[in-house]
Amino acid sequence: MAILIDDARWPAHGRLWAHLVSDSDLDELHAFAAANGIPRRGFDLDHYDVPEEAHARLVAAGAQHVEGRELVRRLIASGLRVTGKARRAQS
C-alpha cells in the first residue's frame, strides 16, 4: 500500500495543484490526508487536490512522488479510479 503524489501542474484559484491518491484503499488515503492537514473538502471522489506548497511536506511524510501517468496507471490498477462518466453522473 502506498500514498502517491504527482507534480503540481493544474492551475486553479491562483495556484498550482497536485493529486494525492492511494494505490489500494480510500480509508488509508483519508487517514494520511487528515494526519497531514489536508482538509476533506479537497477530496474529489478518488483523489485529493493538494496545493503545490504542500507537496514537499507530503513527500517528507511518506507520500511517494510519481509522474502523473504512473499515478493514473496505479489508481486504475487499484480499482479506485472514478471514470469521467461516473464523475459526471455524480454532478
Side-chain angles (χ1 to χ4, degrees):
M1 296 190 303
I3 299 296
L4 310 171
I5 189 168
D6 62 1
D7 294 313
R9 293 185 177 181
W10 293 268
H13 312 291
R15 53 187 4 169
L16 293 176
W17 297 81
H19 299 113
L20 186 72
V21 306
S22 170
D23 69 354
S24 64
D25 182 15
L26 289 180
D27 290 335
E28 172 191 39
L29 177 61
H30 293 310
F32 182 87
N36 288 284
I38 304 300
R40 187 67 178 244
R41 70 179 178 271
F43 184 66
D44 187 15
L45 302 178
D46 60 4
H47 70 277
Y48 278 85
D49 293 316
V50 296
E52 180 177 35
E53 58 270 16
H55 192 279
R57 179 173 54 83
L58 294 170
V59 170
Q64 179 185 358
H65 177 255
V66 296
E67 295 296 322
R69 288 183 184 189
E70 176 69 8
L71 182 137
V72 171
R73 185 188 69 74
R74 289 176 62 181
L75 185 59
I76 290 168
S78 74
L80 298 174
R81 176 74 169 141
V82 176
T83 64
K85 182 178 180 179
R87 192 173 296 282
R88 286 186 298 279
Q90 294 280 330
S91 299

**Request:** First locate atom CG of Leu26, then atom OG of Ser78, and finally report the distance between them rounded to the nearest 0.5 Å.
**Result:** 8.0 Å
**Complete:** Separation between CZ (Arg81) and CZ (Arg73), nearest 0.5 Å, reads 14.0 Å
**Asked** For the residue pair Phe43 and Tyr48, does the interplanar ring angle fall in the parallel (under 30°), tilted (30 to 60°) or perpendicular (over 60°) class?
**Response** tilted
**Request:** Take the angle between the ring planes of His19 and Trp10 and call it parallel below 30°, perpendicular above 60°, tilted in between.
**Result:** tilted
On a heavy-atom basis, which atom in [X] and which in [Y] lie closest, and how many Å separate them?
X	Y	result
Ser24	Leu80	C-CD1, 3.7 Å
Glu52	Ala8	CB-CB, 3.7 Å
Phe32	Leu58	CZ-O, 3.7 Å
Ser22	Glu28	OG-OE1, 2.7 Å

**Prompt:** Would a hydrophobic clustering, with Ile, Leu, Val, Met, Phe, Trp and Tyr connected at side-chain separations under 4.5 Å, put Val66 with Ile38?
**Reply:** yes
**Asked** Do Val59 and Val21 share a hydrophobic cluster, counting only Ile, Leu, Val, Met, Phe, Trp and Tyr and linking them when any side-chain heavy atoms are less than 4.5 Å apart?
**Response** yes
**Message:** Which residue is it: Asn36, Val50, Leu71? I am looking for the one with a side chain to side chain contact (heavy atoms under 4.5 Å, CB included) to Leu20.
**Reply:** Val50
**Message:** Test your reading of the model: is there a side-chain donor-acceptor pair from Arg87 to the backbone of Asp44, 3.5 Å cut-off?
**Reply:** yes
**Asked** Hey, are the side chains of Leu16 and His55 touching, using non-hydrogen atoms and a 4.5 Å cut-off?
**Response** no
**Request:** Flag the pair Asp46 / Leu75 as yes when at least one side-chain heavy-atom distance between them is below 4.5 Å, and no otherwise.
**Result:** yes
**Prompt:** How would you list all residue pairs meeting salt bridge (Lys or Arg N to Asp or Glu O under 4.0 Å) that involve residues 5-23, not counting sequence neighbours?
**Reply:** Asp7-Arg9, Arg9-Glu67, Arg15-Glu53, Asp23-Arg74
